[in-house]
Every structure is written in C-alpha cells, then in structure tokens.
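Proteins get letters first, then strands, A, B, ... in listed order; numbering begins at 1 in each. The basis for the numbers below is simple: all heavy atoms, side chains too, and nothing from hydrogens, waters or symmetry mates.
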Amino acid sequence: MLLKALSADWLKLRRTWIGWLVLLGPIGVIGLQSVNYGLRYHYLMKKYEADLWGNLILNVQYLAAPAMLLGITLLASLISGIEHREQSWKQVLALPISRLTVFTSKFTMIQFLLFVACTLLSGGTLLLGGVLGFGMDIPWGMLLLKCYFPWLAAMPIIALQSWLSITNRNQAVPITIGILVSIVSMYAAQMPDWMPLKWPLLVNESHIPIYSVITGLSTGLVIYSLSLVHFARKDVD
Amino acid sequence: MRTLHRIFYAEILKLKRSRLGFILILSPLMAAMLGVMYNLNAEQPGAWPILLSQMAMAHAVLFLPLLSGVLSAFICRYEHANGGWKQLLSLPVSRTGVYISKYVVVATLLLATQLIFMGAVLFIGLLKGIAEPVPWLMLVNSVLNGWLASLPLIALQMLMAIAWASFAAPLAVNVILTLPNLMVIQSKYGIYYPWGQPSLAMLPQNDSFGINVSLETLLFVIGGSFVLFVLAGLAYINRKEI
C-alpha cells in the first residue's frame with residue numbers, strides 16, 4: 001500500500017521543478033565553495049596545507065548545514081503544498097487508504113529527496129577536490145560521515161517540518177518557522193548538547209558523531225509518531 | 001487610481017487573522033535572544049554599535065531578504081488559491097492598482113518588522129545597562145536604510161510571487177539566492193546584489209565585516225534597481241494571463 005501511495009506522490013511531483021531544487025541545493029553549495037577556493041586559491045592551499053581534503057569537507061559542511069535545513073523546509077512545504085493548493089486532502093483521504101499511509105508516504109518522499117541531495121553533495125565535494133588537484137588521498141570515511149550523518153541527525157527537524165507543513169493550510173507559518181530554525185542553527189555550535197539544532201553539526205561533548213545521529217533518529221521517531229496521532233484525528237479541509 | 005485606497009483596504013482585510021503578527025515579531029525576537037546571549041561590556045565606548053551589529057547580523061543578512069519573500073508570497077496566497085485572480089481582476093480595479101497596493105502592504109509590514117527590531121535593540125541595550133546615551137540617529141538610520149534597501153528586493157519577489165502559483169516556489173529561489181549573502185557581502189560586488197543590499201545598508205559602517213561602501217553609492221544602486229524591478233513587475237502583471 002505504501003508503495004502505491006509513494007508512486008502516486010511521485011507522479012504528483014513529476015514535471016514540477018522539485019527535482020531541480022534537489023539538484024540546485026548541492027550545486028549551489030559546491031559552486032560557492034569553488035568560488036571561495038578559486039578566488040583565494042594560494043592563500044587557502046597554504047592555510048590548509050596539512051589536511052586539504054579534510055578542510056574542504058569542513059568548508060562544504062559549513063554552508064551545507066543551513067542549506068540542508070532550508071531545503072527540508074522547502075521540500076516539506078512543496079510536497080504538502082500540492083494538496084493544500086488543489087484542496088485535495090479530502091479527496092486523498094476519501095480513498096481506501098489509511099491516513100498513516102498518506103502521511104508516511106509524504107514523509108518517505110522527503111527522506112528520499114534528501115538522500116539524493118546528500119549523495120549529490122558528496123559527489124560534488126569529490127569533484128571539486130579533484131579539480132583543485134588534492135590528489136587521491138581521499139578520506140572516504142569522513143566524507144560519507146559528513147554528508148549523510150547530518151541528514152540522519154536532522155530527523156527531528158524533518159519530522160517537525162513535515163508535520164507543520166501537512167497540518168497547516170497557511171504555508172507561511174511552517175516556512176517562516178523553518179527559516180528561523182535554519183538561521184538559529186548557525187549559532188548552534190555554542191548551544192548545549194540537548195538542543196536538537198546542534199545535532200546536525202555532529203558536535204557533542206564526547207566527540208563521537210554517532211551519538212548525535214542516534215539521539216536525532218530517536219527524537220525524530222518520537223515526533224513522527226506524535227504527528228501521526230495528530231494527523232489521524234485531525235479534521236481536514 | 002481613485003479606487004486605490006479601496007483595493008488597499010481589501011488587501012488588509014484579507015490579511016486579518018492570518019497569524020501575520022507572529023511572523024513579524026519572530027526575527028526581532030530571535031535578534032533579542034542573540035543580544036541577550038552576547039557577552040557585552042556595557043562600559044566600553046561604542047557599546048551601542050557593537051550591540052546593533054551583533055543583533056542585526058542574522059536579522060539583516062538572512063531574515064530580512066527571506067522575510068520580504070515570505071510576505072510577498074503571503075499577499076498573493078488567496079489570489080492563487082481559489083481562482084482569486086479572476087475574481088479580483090474582474091472587479092472595476094486596474095491591475096496597476098492591485099500591484100501597487102500589494103506592494104505597499106508588504107513594504108509597510110516590513111517597516112513594522114524593522115521598527116520592532118529597533119525596539120528590541122533599545123530594550124536589550126537598556127537591559128544590559130549600556131552607559132552611553134542612546135544614539136537615536138544611528139539606530140533610526142540603520143533601520144530605515146535597511147528598509148529602503150529591501151524595497152527593490154520586494155519588487156523582485158512580488159514579481160515571482162505573482163508569476164508562480166506555488167507558495168514555496170518563489171521562496172525556494174529566494175532561499176537559494178539569499179544563502180550566498182554569507183559570502184557575497186564581504187566582496188566588493190555586494191552592493192550590486194539585491195539580496196545583499198539590506199545587510200550592507202543596515203550593518204554599521206566599517207564593522208567587523210569590513211564593508212566600505214559609501215551610503216550614496218548604495219542608495220544610487222538601490223534607487224536604480226527599484227525603478228527597474230517595479231517597472232518589470234507592472235509590465236508583467238498588466239500582461240499576465242490569469
């Protein structure tokens with residue numbers, strides 16, 4: 001059932017420019033970093049001499065973190081916005097399909113698109129490093145960790161934004177909240193460890209990134225379950 | 001044009017009970033939080049400019065350009081939602097009038113945010129017990145210049161908001177073009193970038209960002225792009241098929 005719902009959701013997204021958004025986010029981040037490296041090539045090469053790849057990944061991550069949070073906001077809003085704009089929630093929910101499936105299908109679609117974006121980001125980082133001539137000494141573990149873990153650790157925010165976008169007719173509310181969350185997250189490094197905004201940065205007191213991912217995934221699951229309960233009982237229009 | 005104030009009134013009526021106030025106070029609220037967290041030495045000379053640049057950083061660099069997009073999309077929401085364009089434009093109103101009143105409403109709302117932001121700076125400054133007297137001229141200048149600098153951006157966002165039915169679509173473009181702000185405003189091309197202009201106008205001159213743009217240049221560029229974008233918007237809405 002979920003697969004059918006997913007393919008219906010996929011059908012609704014086709015020929016919208018949502019694919020371009022998924023493509024443009026990573027391209028934008030990599031593009032900005034290539035401008036950064038291009039303009040200050042000699043200075044940066046000297047500064048980062050000790051660990052060229054590692055510093056490139058950190059630089060990419062610096063821009064990718066807020067970009068990912070804004071991307072989550074936009075994806076969540078676009079995916080549910082189709083239903084809000086056409087006022088088709090009643091129609092969708094009148095089909096012989098549980099609300100749980102409808103909600104989960106939208107949620108899964110966001111995850112899939114984010115996964116694609118993360119993959120593009122890691123590919124782009126590799127490409128940029130190659131073009132800049134950093135050699136073949138690529139820290140694969142760090143690259144994959146920095147590209148995919150922030151997505152998993154951001155699960156509470158993904159769940160929150162999906163819930164807000166799906167249950168609010170007025171999309172200005174979830175989008176404004178999402179923008180605010182993304183901006184505040186730029187100051188997250190100085191926040192205490194219990195702040196969910198800090199988790200996508202993979203920084204914590206014990207210096208073990210997987211802790212951030214585990215707390216992120218479990219908190220995300222809790223928020224997702226609560227929003228499911230709310231959506232299942234909600235009156236739609 | 002005689003009906004302009006009536007269209008304007010209708011726009012305001014549509015905004016009632018839409019949780020707009022919530023959106024307007026968010027950024028000043030966040031700036032206030034950042035101000036409280038910032039470890040300011042209240043006795044040092046120039047404590048006000050330091051506090052202002054700390055609080056204006058996130059507000060002007062990211063939130064102001066993003067908010068101009070949110071509000072523009074907001075004001076076109078009802079028209080896109082239920083065939084509202086047909087309904088609105090079949091009334092005896094001119095399309096130019098509709099554009100102008102929508103623009104004026106957004107600009108006014110953004111001005112309200114700016115004033116709330118100024119209030120937040122004053123409040124935090126007094127809370128921290130800054131020894132110097134309140135530099136009214138600098139505060140008002142910063143807030144008003146930031147507002148003036150977002151006027152071309154509003155026109156540009158309005159054009160996208162009118163053109164695209166999806167609420168998030170113009171915002172996605174807005175977000176993608178706002179993020180480079182973090183880097184663009186540090187370069188000398190920053191003043192030609194509509195998304196970067198509000199922050200350049202708002203942050204105190206010669207602060208840690210190292211911005212060295214004379215206000216005259218900035219206002220000249222802003223005035224030019226304002227005229228350009230408004231004319232483009234008017235040309236578009238007058239030819240748009242609804």
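- Around CD of B/Q44, the count of heavy atoms belonging to other residues, nucleotides or ligands within 6.0 Å exceeds 12.
- In this structure, B/M33 CE and A/Y187 OH are separated by 11.0 Å, a value rounded to the nearest 0.5 Å.
- Across all their heavy atoms, A/A172 and B/V70 have their closest contact at CB-CG1, 4.3 Å.
- Nearest heavy-atom pair, A/R169 versus B/R77, reported as atom, atom and distance to 0.1 Å: O-NH1, 4.1 Å.
- In this structure, CZ on B/F167 lies 10.5 Å from CG on A/L74, to the nearest 0.5 angstrom.
- Atoms OG and CG, from A/S182 and B/L62 in turn, are 9.0 Å apart once rounded to the nearest 0.5 Å.
- The environment of A/F112 atom CZ is sparse: at most 12 non-hydrogen atoms of other residues, nucleotides or ligands sit within 6.0 angstrom.
- Environment of OH in B/Y192: sparse, with no more than 12 heavy atoms of neighbouring residues, nucleotides or ligands closer than 6.0 Å.
- Screening residues 20-42 of chain B for side-chain hydrogen bond (donor to acceptor under 3.5 Å, both in side chains), with sequence neighbours left out, gives B/S27-B/H59.
- Side-chain contact between A/L63 and B/L179 is absent, with no heavy-atom pair separated by less than 4.5 Å.
- What you find for A/L78 and B/A169 is that their closest heavy atoms are CD2-N, 4.5 Å.
- Annotation for B/P180 and A/L32: closest pair CA-CD1, 3.8 Å, computed over non-hydrogen atoms.
- We find the CG-CD1 distance between A/L70 and B/I176 to be 10.0 Å, quoted to the nearest 0.5 Å.
- For chain B, the nearby part of A/L24 is the side chain; its heavy atoms alone come within less than 4.5 Å.
- Looking at B/A73, there are no atoms closer than 4.5 Å to chain A (heavy atoms on both sides), in backbone or side chain.
- For chain A, the nearby part of B/L34 is the side chain; its heavy atoms alone come within less than 4.5 Å.
- Annotation: the span from B/N174 atom CG to A/I179 atom CD1 amounts to 7.5 Å, rounded to 0.5 Å.
- In the displayed structure, B/Y236 atom OH is contacted under 6.0 Å by more than 12 heavy atoms of other residues, nucleotides or ligands.
- For chain A, the nearby part of B/F74 is the side chain; its heavy atoms alone come within less than 4.5 Å.
- Within the 4.5 angstrom heavy-atom criterion, only side-chain atoms of A/I175, from C-beta onward, approach chain B.
- Put simply, CG on B/L26 and CD1 on A/I183 are 10.0 Å apart, with the number rounded to the nearest 0.5 Å.
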